[in-house]
Every structure is written in C-alpha cells, then in structure tokens.
Amino acid sequence: MRNLMVLGKLAFAGLFALSLVACGGSEKTEETAKVDKKVETIHWKMVTTWPKNFPGLGTAAEELAKNITKMSNGRLDIKVYAAGELVPALEVFDAVSRGTAEIGHSTAYYWKGKAPAVQFFSSVPFGMTAQEFNAWIEYGGGLKLWEEVYAPFNIIPMAVGNTGAQMGGWFNKEINSLADFQGLKVRMPGLGGEVLKKVGAVTVNLPGSEMFTALQTGTIDATEWVGPYNDLAFGLYKAAKYYYYPGWQEPGSAVEALINKDAFNALPDDLQEVVRSAAQQANLNMLSEFTARNNAALKTLVDEHHVILKKFPKDLLEALRVASDETQKEVAANDPMSQKVYDSFTDFLTSVSEWHDISERAFINARATD
Ligand code: CA
C-alpha cells in the first residue's frame, strides 16, 4: 500500500516536471529540484547505550526509529545501532555531539562528566516519579533547562520513555544498616552512586553489557539495573541472591533521545514535528509497558527463580535520603547550571509533592488492603 502511494507521488512528480518542460521557461530546473527534494529520503543513524534487542530499552529505541520512519512515510529513515555496533555504550553522547550519529537513545546521568547538571534529567534519588518528572519537563520549565544544558554540545534532548520506579538492586549480601555499605562495590550510576559513596560504598559506572559478568565474578558486590522486567531478561538472578526495594536511587528514570542540532535543524518543519510527536508517543508508551510487565516478571523471579525479595530498612532509607539531599546540594553548589536546574527541580518537587500527598499517595494508601 505504502509502495503504491510512493509510486503515485513519484508519478505525480514526473508529470509535474514534464508539464514544466512542456511550458518551457527557466523556472523548470528550480521547480523540479523542489519536487525531487520532497521525496528525498533522509538517512539517520541512531546509536544507543543498550544491548541489541534488549527488552524495554533496546526495543524502545527500535520502535522509536520505526515509528519515525512510518510517520514520515519513509522520508526519514533511521538505522539503529546497539551498544558497541557503531560506538561503545558510553560514547553515545560524543557520537551525537560530533554528528557521527544524528540521534542517540540513552539516559542523561551517563554524561555527568560532560556537565554535572545532566544528572537531574535521568532520575534523582528520592526525587520525582515518572508522572511528576513529565509534568516538570512539559509544564514546569524542565525541558527548557534540559535544552540549555545540552546546547553547548550541539545536542537537543527529548524525553522518549520512562521506566517508572525502579528496584533498589541485586545484592550478594544482606543490607541491614548503613555500615553494610562500607567498602561494598556497587554498580550505581548517577546521583545514586554519589550518595552511596557518601555512606562508604565504592561505586562504579558500568554499562549493562559489562554488569552481569562483573557481578558474577565478584568484581562488584551489588548492582542496580532497572526493574523486574529488565532484570529478569538480563538473568541477574543468576548472579545475585537478594533483590531489594524500593529503588530510592531512581524513582522514575527518564530515557532520552539526543539529537544532533544541525541534523534536526536541517529537517523540514513537518519532519521535525514527526520526531517530536514520535518522542512523545514513545515517552508514554514505555511507562505503560514497564508498568504492565514488571509485575508479571517479579512473580517469575520470586516463584520460578526463588529470588529473595527484601525491603531496605526504614532507618537506612532515611539515612540515604539525608545523604541524597546533601549530595544534590553539593552538586548544585559546585556548578551554576546545576544550581539553576536543582532550584527548578526542587521547587517543582516540593509543590507537586503537596498535591500528590493528597491525591496519588492518599489514594494508593486508601486502596491498600494490608
Ligand atoms: Ca537504574
């Protein structure tokens, strides 16, 4: 069907060109070029930090690329490269910045070495949920700040997914108090990793592809990854015994599209809108998918793989929350852009918390049966 439509358009373009030839005149070259340009296919490369076809994250990148191609009727064609296929996982930002790839699919906290303020655009420990983050981005000034942080790198950011609240992670030893974090080697990126450093842990930032082996061989003692759906697919239950909640470090992690500014600006207006609309659709879709699949995956982990599910003790969470507040204030104090983002983030979180205390939280508490 689509092929027929494309053929129809080409035939129309051909007739149009012929009629110009028949009319004669010098405008024909310019007009023909304009028509040809309309059916020209633009090719983009998408680099990602995710392993090939990785459920939820890798597949979302593929889906986004496919949707943009479909919505543009094939005019913007995007080829997706998994981590390591074109560039290593943690070089996505640089690749998009210099234009090696036109678009990237990742999450912002991996780039804190570029600009510390990026850490507020993945997930902030004890920060906003997915719904709150999206509200800040779309209606609370978050997106403008995000664009400002990425502008010096020639990158336009867009939210293209959210995992919702994550899990606290996989541990090979029980965590009963802050002292248990002393010297513990934990894979935890972003601000969560900084918080754990503050309480004595040794944190490392490893991409997903290296995480499983590191945990299995004891190079690390614990790792956080995403939630049941992703963690089951990764087989993390084969490498660690205890599965902790809640995911204090990532209450709603945003997945981003990084778009090379020159490549985006070179698109005609309608294709720019296609990219924006596809991003919004992807953003909502991922949250729905994770919400639906996490529960089923958690049952499999516990019932079939005998994972020991454990809740972090309350006093431990309180201590982590205090360390988290300190960490965020320090990041802000050391960098004016981080301070600006921190202020906006914190103000929005305070006000939305007041509303959510009497709406979402009050309702979920009221619904609970225990
Ligand atoms: Ca995570």
Side-chain angles (χ1 to χ4, degrees), residues 93 106-153 155-166 168 188-198 203 205 224 226 246-258 279-280 283-284 286-287 317-318 320-361:
F93 189 94
S106 188
T107 189
Y109 59 32
Y110 286 130
W111 326 122
K112 68 176 178 183
K114 304 287 174 192
V118 302
Q119 297 173 97
F120 292 93
F121 298 99
S122 282
S123 202
V124 170
F126 300 93
M128 294 188 208
T129 64
Q131 194 177 340
E132 290 164 348
F133 179 82
N134 283 330
W136 177 56
I137 289 294
E138 298 286 344
Y139 291 94
L143 184 59
K144 280 236 160 333
L145 289 168
W146 200 0
E147 288 169 348
E148 197 178 330
V149 173
Y150 280 38
F153 304 95
I155 294 175
I156 298 170
M158 288 181 198
V160 292
N162 200 298
T163 64
Q166 300 200 354
M188 188 173 286
L191 289 165
E194 297 303 313
V195 174
L196 281 192
K197 269 188 209 162
K198 217 178 237 309
T203 61
N205 187 8
E224 73 82 52
V226 185
W248 58 273
Q249 80 288 359
E250 294 189 55
S253 281
V255 174
E256 66 182 2
L258 307 124
Q280 282 196 318
N283 196 28
L284 175 63
M286 186 186 291
L287 185 59
L317 286 171
E318 178 55 24
L320 288 172
R321 197 186 57 72
V322 171
S324 168
D325 282 351
E326 282 171 22
T327 305
Q328 289 167 48
K329 281 183 184 136
E330 284 165 16
V331 170
N334 286 325
D335 169 50
M337 191 65 221
S338 296
Q339 183 72 53
K340 199 168 157 185
V341 178
Y342 169 83
D343 289 343
S344 168
F345 187 96
T346 311
D347 287 352
F348 195 85
L349 176 59
T350 305
S351 68
V352 83
S353 295
E354 286 167 11
W355 161 236
H356 270 173
D357 275 352
I358 61 160
S359 57
E360 301 288 329
R361 188 158 82 130

Enquirer: Could you tell me whether the side chain of Tyr109 reaches within less than 4.5 Å of the side chain of Leu191, counting heavy atoms only?
Expert: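 With C-beta onward as the side chain, the pair stays apart.
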Enquirer: Roughly how far, to the nearest 0.5 Å, is the CD atom of Glu132 from the CH2 atom of Trp355?
Expert: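 Trp355 atom CH2 to Glu132 atom CD measures 12.0 Å (nearest 0.5 Å).
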Enquirer: Sequence neighbours left out, what passes salt bridge (Lys or Arg N to Asp or Glu O under 4.0 Å) with Glu360? Give chain and number order.
Expert: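 So Glu360 forms no salt bridge (Lys or Arg N to Asp or Glu O under 4.0 Å) with any residue.
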Enquirer: Which value, rounded to the nearest 0.5 Å, describes the distance between Ser353 atom OG and Phe348 atom CZ?
Expert: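 One finds 9.5 Å between OG of Ser353 and CZ of Phe348.
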Enquirer: What's the separation between atom CH2 in Trp111 and atom CD1 in Ile155, rounded to the nearest 0.5 Å?
Expert: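 Trp111 atom CH2 to Ile155 atom CD1 measures 8.5 Å (nearest 0.5 Å).
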Enquirer: How far apart are the closest heavy atoms of Ala332 and Ser338, and which atoms are they?
Expert: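 Scanning both residues, the minimum pair turns out to be CA-CB, 3.9 Å.
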Enquirer: Please examine the side chains of Val255 and Met286, heavy atoms only from C-beta on, and report whether any two atoms are closer than 4.5 Å.
Expert: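 Yes, at least one pair of side-chain atoms sits under 4.5 Å.
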Enquirer: Between Arg321 and Asp325, is the closest basic N to carboxylate O distance under 4.0 Å?
Expert: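 Yes, charged N to carboxylate O under 4.0 Å.
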Enquirer: May I have the list of side-chain donor-acceptor pairs in residues 138-148 shorter than 3.5 Å, sequence neighbours left out?
Expert:
residue: Glu148; atom: OE1; partner: Lys340; partner atom: NZ; Å: 3.1
residue: Glu148; atom: OE2; partner: Lys340; partner atom: NZ; Å: 2.7

Enquirer: Could you tell me the separation between the CG atom of Asn205 and the CE atom of Met188, rounded to the nearest 0.5 Å?
Expert: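 One gets 11.5 Å once the value is rounded to the nearest 0.5 Å.
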Enquirer: If I take atom CD from residue Gln249 and atom OG1 from residue Thr203, how far apart are they, to the nearest 0.5 angstrom?
Expert: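 Spacing of CD (Gln249) from OG1 (Thr203) equals 12.0 Å.
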Enquirer: Restricting to non-hydrogen atoms, name the atom on Val149 and the atom on Ala115 that form the minimum distance, rounded to 0.1 Å.
Expert: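 Answer, listing the atom of Val149 first, then Ala115: CG1-CB, 4.1 Å.
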Enquirer: In the structure I gave you, are the side-chain heavy atoms of Val118 and Tyr150 within less than 4.5 Å of one another anywhere?
Expert: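 They are in side-chain contact.
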Enquirer: For Gly252 and Asn162, work out which heavy atoms get closest and say how close.
Expert: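 Looking at all heavy atoms of both residues, the closest pair is C-OD1, 3.2 Å.
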Enquirer: Are Thr163 and Glu250 close enough, and set up right, to give a side-chain contact (heavy atoms from CB on, under 4.5 Å), and what steps lead you there?
Expert: CA-CA 9 Å; Thr163 64; Glu250 294 189 55; 5.6 Å; no
Enquirer: How long is the straight-line distance from OG1 of Thr346 back to NZ of Lys329, given to the nearest 0.5 Å?
Expert: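 Going from the NZ atom of Lys329 to the OG1 atom of Thr346 covers 8.5 Å.
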Enquirer: Are side-chain heavy atoms of Leu317 and Pro246 found at a separation under 4.5 Å?
Expert: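 They are in contact (side-chain heavy atoms under 4.5 Å apart), so the answer is yes.
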Enquirer: Regarding Asn134 and Asn283, do their side chains bring together a donor and an acceptor under 3.5 Å, going by distance alone?
Expert: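 Yes - a donor-acceptor pair under 3.5 Å links their side chains.
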Enquirer: Tell me, do Glu194 and Val331 make a side-chain contact under 4.5 Å, heavy atoms counted?
Expert: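 A side-chain contact under 4.5 Å is absent here.
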Enquirer: Quick one, Phe126 and Leu320 - any side-chain contact, counting heavy atoms below 4.5 Å?
Expert: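 Yes - at least one pair of side-chain heavy atoms lies under 4.5 Å apart.
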Enquirer: So do Ser106 and Glu256 actually touch side chain to side chain, heavy atoms under 4.5 Å?
Expert: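 Touching, per the 4.5 Å side-chain cut-off.
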Enquirer: Determine the minimum heavy-atom distance between Pro251 and Val124, stating which atoms define it.
Expert: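 Result for this residue pair: CD-O, 3.2 Å.
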Enquirer: Heavy-atom distance under 4.5 Å between the side chains of Phe345 and Trp136, does that happen here?
Expert: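 Heavy-atom side-chain distance check passes, below 4.5 Å.
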Enquirer: When you compare the side chains of Asp343 and Gln339, does any donor N or O come within less than 3.5 Å of an acceptor on the partner?
Expert: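 The answer is yes; a qualifying pair exists.
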Enquirer: Minimum heavy-atom separation for Ser122 to Thr107, with atom names?
Expert: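 Reported closest heavy-atom pair: OG-OG1, 2.8 Å.
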Enquirer: Please give me the minimum heavy-atom distance between Pro125 and Gly192, naming the atom from each residue.
Expert: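 Nearest heavy atoms, Pro125 then Gly192: CG-N, 3.6 Å.
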Enquirer: Are side-chain N/O atoms of Gln328 and Ser324 paired as donor and acceptor at under 3.5 Å?
Expert: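 The criterion, which ignores hydrogens and geometry beyond distance, is satisfied for Ser324 and Gln328.
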Enquirer: Fit a plane to each ring of Tyr342 and Phe120, take the angle between them on a 0 to 90° scale, and name the class: parallel (under 30°), tilted (30 to 60°) or perpendicular (over 60°).
Expert: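 Because their plane-to-plane angle is over 60°, the rings of Tyr342 and Phe120 count as perpendicular.
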